[in-house]
**Student:** 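Below: one structure in structure tokens.
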Amino acid sequence: MKRGKLLNAPLSALVARMGHTDEIVVCDAGLPIPPGPERIDLALIPGTPSLETVLGALLTDLVVERVLLASELKSVSPLAHQALLDQLEAHARDQGKPITIDYLSHEAFKIRSQASKAIVRTGEVTPYANLILCAGVAF
């Protein structure tokens with residue numbers, strides 16, 4: 001459900017269409033995108049826009065109740081992992097509702113992404129910097 005001011009039209013429309021438990025993948029530049037989910041490709045050059053920037057924009061309007069991360073992120077890219085956790089913790093405080101963080105293998109992540117409403121591709125080049133946002137409700 002929308003809760004703020006997101007300027008990007010495709011992202012704003014996506015958030016407006018989200019229902020409780022619907023999922024959005026926000027991924028790095030290398031994640032394979034399967035046929036099926038809507039593809040919103042924001043990648044310009046390596047690193048632009050970053051996953052953190054795109055996530056921040058989505059969080060201005062999206063209520064999130066759960067996030068799925070690849071377990072490999074913790075060991076391969078620990079600084080990126082901690083930055084994402086910090087960003088999600090701040091969003092949980094802002095929205096006044098907790099966010100559950102769960103992990104699955106990168107292979108399971110790729111399979112799970114096939115069922116998402118959309119996959120938003122960033123220019124991120126940090127290994128395993130992908131997440132699945134599960135929509136919550138604003139009430």
**Student:** Roughly how far, to the nearest 0.5 Å, is CG of D22 from CG of L133?
**Tutor:**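 Taking CG in L133 and CG in D22, the distance rounds to 12.0 Å.
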**Student:** Between T126 and E124, is any side-chain donor less than 3.5 angstrom from a side-chain acceptor?
**Tutor:**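 Yes, side-chain donor-acceptor contact under 3.5 Å.
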**Student:** Strictly distance-based, threshold 3.5 Å: is any side-chain N or O of S113 a donor or acceptor partner for the main-chain N or O of K110?
**Tutor:**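 Answer holds: yes.
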**Student:** What distance separates L73 CG from L84 CG, expressed to the nearest 0.5 Å?
**Tutor:**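 Between L73 CG and L84 CG, I get 6.0 Å after rounding to 0.5 Å.
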**Student:** Rounded to the nearest 0.5 Å, what separates atom SG in C27 from atom CG in D41?
**Tutor:**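 CG of D41 is found 8.0 Å from SG of C27.
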**Student:** Check F139 against K97 and note the closest heavy-atom contact, atom names and distance.
**Tutor:**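 Taking every non-hydrogen atom into account, O-NZ, 2.8 Å.
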**Student:** Looking only at the side chains, is there a donor atom on one of S50 and T53 sitting less than 3.5 Å from an acceptor on the other?
**Tutor:**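 The answer is yes; a qualifying pair exists.
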**Student:** Working to the nearest 0.5 Å, report the span between CE of M18 and NZ of K117.
**Tutor:**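 Taking CE in M18 and NZ in K117, the distance rounds to 7.0 Å.
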**Student:** Out of curiosity, K74 NZ to L85 CG, how far, rounded to the nearest 0.5 Å?
**Tutor:**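 The NZ atom of K74 sits 9.0 Å away from the CG atom of L85.
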**Student:** Is there a path from V76 to V125 through hydrophobic residues (I, L, V, M, F, W, Y) whose side chains come within less than 4.5 Å of each other?
**Tutor:**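 Different hydrophobic clusters.
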**Student:** For a quick test of reading the model, state the closest non-hydrogen atom pair linking V15 to D61 and the distance between them.
**Tutor:**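 Heavy atoms only, the tightest pair is CG1-O, 3.7 Å.
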**Student:** Taking 4.0 angstrom as the limit, do R112 and E107 come out as a salt bridge?
**Tutor:**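 Salt bridge absent between R112 and E107.
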**Student:** In terms of ring plane angle, is the pair H81 and Y103 parallel, tilted or perpendicular, where the classes change at 30° and 60°?
**Tutor:**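 Plane angle between 30° and 60°, so tilted.
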**Student:** Might you point out which heavy atoms bring P37 and S116 nearest each other, and give the distance in Å?
**Tutor:**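 Of all heavy-atom pairs spanning P37 and S116, the closest is CB-O, 3.4 Å.
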**Student:** Under 3.5 Å, is there a donor-acceptor pair between the side chain of Q87 and the main chain of L55?
**Tutor:**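 No; judged by distance alone, with no hydrogens or angles, the pair does not exist.
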**Student:** Please answer whether the main-chain N or O of L42 pairs with a side-chain N or O of R121 as donor and acceptor at a distance below 3.5 Å.
**Tutor:**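 Judged by distance alone, no pair lies under 3.5 Å.
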**Student:** Taking all non-hydrogen atoms of both residues, which atom of E23 and which atom of C134 are closest, and how far apart?
**Tutor:**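 So the two residues come closest at OE2-SG, 3.6 Å.
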**Student:** Distance check, rounded to the nearest 0.5 Å: E65 atom CD versus I99 atom CD1?
**Tutor:**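 Rounded to the nearest 0.5 Å, the CD-CD1 separation comes out at 10.0 Å.
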**Student:** Please give the remaining members of the hydrophobic cluster of I119, linking ILVMFWY side chains under 4.5 Å, ordered by chain and number.
**Tutor:**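 V25, L31, I33, L68, L104, F109, I132, listed by chain and number.
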**Student:** Before you tell me yes or no, could you show the steps for L11 and I40 under side chain to side chain contact (heavy atoms under 4.5 Å, CB included), namely the whole-Å CA-CA distance, both residues' side-chain angles and the distance that decides it to 0.1 Å?
**Tutor:** CA-CA 8 Å; L11 290 181; I40 300 175; 4.0 Å; yes
**Student:** Check whether any side-chain N or O of T48 sits under 3.5 Å from a backbone N or O of G123 as a donor-acceptor pair, and report yes or no.
**Tutor:**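 Flag not set: sc T48 to bb G123 has no pair under 3.5 Å.
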**Student:** Compare every heavy atom of A43 with every heavy atom of P49, then report the nearest pair and how far apart it is.
**Tutor:**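 Nearest heavy atoms, P49 then A43: CD-CA, 4.1 Å.
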**Student:** Between V26 and L51, which heavy-atom pair has the shortest distance, and what is it?
**Tutor:**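 Minimum heavy-atom contact is CG1-CD1, 3.3 Å.
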**Student:** Sub-3.5 Å donor-acceptor pair from the side chain of N130 to the main-chain atoms of D28, do we have one?
**Tutor:**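 Answer holds: yes.
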**Student:** Do Q95 and H91 have side-chain atoms, one donor and one acceptor, less than 3.5 Å apart?
**Tutor:**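 There is such a pair between these side chains.
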